[in-house]
Number of protein chains: 2
Amino acid sequence: MDTRERLIESTRELLWERGYVGTSPKAIQQRSGAGQGSMYHHFSGKPDLALAAIDRTAKELRERAEAAFAGPGTTVERVAAYLRRERDVLKGCPVGRLTQDPDVMADPGLRRPVEETFAWLTGRIGELLEEGRAAGEFDARLDPAATATALVAVLQGGYVLARAAGDPGVFATAVEGALGLLTRSALF
Amino acid sequence: MDTRERLIESTRELLWERGYVGTSPKAIQQRSGAGQGSMYHHFSGKPDLALAAIDRTAKELRERAEAAFAGPGTTVERVAAYLRRERDVLKGCPVGRLTQDPDVMADPGLRRPVEETFAWLTGRIGELLEEGRAAGEFDARLDPAATATALVAVLQGGYVLARAAGDPGVFATAVEGALGLLTRSALF
DNA sequence: GTCTATATGGTGATAGAC
DNA sequence: GTCTATCACCATATAGAC
């Protein structure tokens, strides 16, 4: 892995662990093993490096979601597979945590990938639920878009509650609670 | 409002807006109009002041929730009233945002009120749903505790999605999506 | 590409006068 | 109780040699 690559990967880790405000160029240099001059040669500064890191993290989230959605089963089963996917729960969502970072939200360039990621994810799950509704997989009175938004919110909130409790099981409980509601409505 | 009080209130605002890592003693002094010496006279330092602020914010959240739960209607209606309560959506949850702050989670004293708040809220909603189930308000196969966890997660995740989108409407959509699921299951 | 030197301002506090 | 002085260190770079 070359220096530029190590800088991006170290920044991704630090943004996940400490957020944008809590991540200093010095910390990035130390973790990546790159020097001051090296970092400013490859990137114009902290925002530029953070953008490269955030873009990659957002892309990765999207690819993992697509992989789960492409699996076998009914549409509801594929959505459930994504919700139940293995996760580093106590570390939180590497994209969702950025919404709490005032300096990220204040910078349109840094904010865009965050906004796009959730718009895409919610829209994609909404499409799947729409298909499921058309196939008669659950109560036709449910609004696919609103239900999709609620499911993505359960994931993001599940991270919050699990971190508060210091227990990854809380995330799983939230997901199963939501799937229980969706499944009950599937048995109408 | 005396100096001590202004220090606590200013810290509450700053923790909400910028988090613990993003809030400096200097910023607190400027917002409160208190001097350096004044702040260190009333509090031993940043963690001590943050604890006073977090405790008060947690207490407030609890009181507002109790007020909604004590309203009229069936238990499901009272839970719905809490979920739909007016909120400063784009500012996020003043307690939930602290779970993303590594320095808060690393300090047991600061972390305790956060942990207790969510344990209490989830447990309280679980009790209400348990009552509702006993009263036949919804599908008896639903697990009240898991459903309560999912509902609280929808709130916390709703804040995240609304901030990502820059649109408070997304929070409302998530809540209505979740209530739609709960209501459909009430019509079993 | 990478290094070291240098710079301005912020962070989180302590000391002691008033 | 509040103020000013002082401090050691960190944040976020820029400059220019190698």
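Numbered from 1 within each chain, the chains take letters A, B, ... in sequence-line order.
- Using a 4.0 Å cut-off between a side-chain N of Lys or Arg and a carboxylate O of Asp or Glu, A/R31 and A/E17 qualify as a salt bridge.
- The pair A/E63-A/K59 counts as a salt bridge, with a side-chain nitrogen and a carboxylate oxygen less than 4.0 angstrom apart.
- Following rounding to the nearest Å, A/M39 (CE) and D/dA13 (P) show an atom-to-atom distance of 7 Å.
- Using a cut-off of 4.0 Å between Lys/Arg side-chain N and Asp/Glu carboxylate O, B/E60 and B/R56 are scored as not salt-bridged.
- In this structure, B/R112 places its CZ atom where only 12 or fewer heavy-atom neighbours from other residues, nucleotides or ligands lie under 6.0 Å away.
- The line from CZ of A/R97 to OH of A/Y159 is 13.0 Å long, rounded to the nearest 0.5 Å.
- Within the 4.0 Å cut-off from OP1 or OP2 of C/dG1, not a single side-chain nitrogen or oxygen of A/T3 is found.
- Taking atom CZ of residue B/R4 and atom P of nucleotide D/dG1, one finds them 10 Å apart after rounding to whole Å.
- Taking atom CD of residue B/Q29 and atom P of nucleotide D/dA5, one finds them 15 Å apart after rounding to whole Å.
- Across all strands, A/G35 comes closer than 4.0 Å only to sugar-phosphate atoms, never to a base (heavy-atom distances).
- Electrostatic pairing of B/R141 and B/D139 counts as a salt bridge here, judged by a charged N lying under 4.0 Å from a carboxylate O.
- The interatomic distance linking B/Q36 (CD) with C/dT11 (P) rounds to 11 Å, in whole Å.
- For the pair B/Q30 CD and C/dG10 P, the interatomic distance rounds to 9 Å; values are reported in whole Å.
- Judged purely by distance below 3.5 Å, without hydrogens or angles, the side chains of A/Q29 and A/Q36 pair a donor atom with an acceptor atom.
- Distance CG/A/L121 to CG/A/L61: 6.5 Å, rounded to 0.5 Å.
- In this structure, A/R163 contributes its side chain and B/T99 its backbone to a donor-acceptor pair below 3.5 Å.
- The nearest whole Å value for the distance from the CD1 atom in A/I28 to the P atom in D/dT12 is 9 Å.
- For the contact set between residues 97-112 of chain B and DNA chain C, defined by any heavy atom under 4.0 Å, there are no members.
- At a threshold of 4.0 Å, the pair A/E9-A/R12 counts as salt-bridged, since one of the basic side-chain nitrogens sits closer than that to a carboxylate oxygen.
- At least one donor-acceptor pair under 3.5 Å links the side chain of A/D101 to the backbone N or O of A/V21.
- Using a 4.0 Å cutoff on non-hydrogen atoms, the parts of residues 40-49 of chain B near DNA chain D are B/H41, B/H42, ordered by number.
- Heavy-atom distances under 4.0 Å link DNA chain D to A/T23, A/S24, A/P25 of residues 5-25 of chain A, given in residue order.
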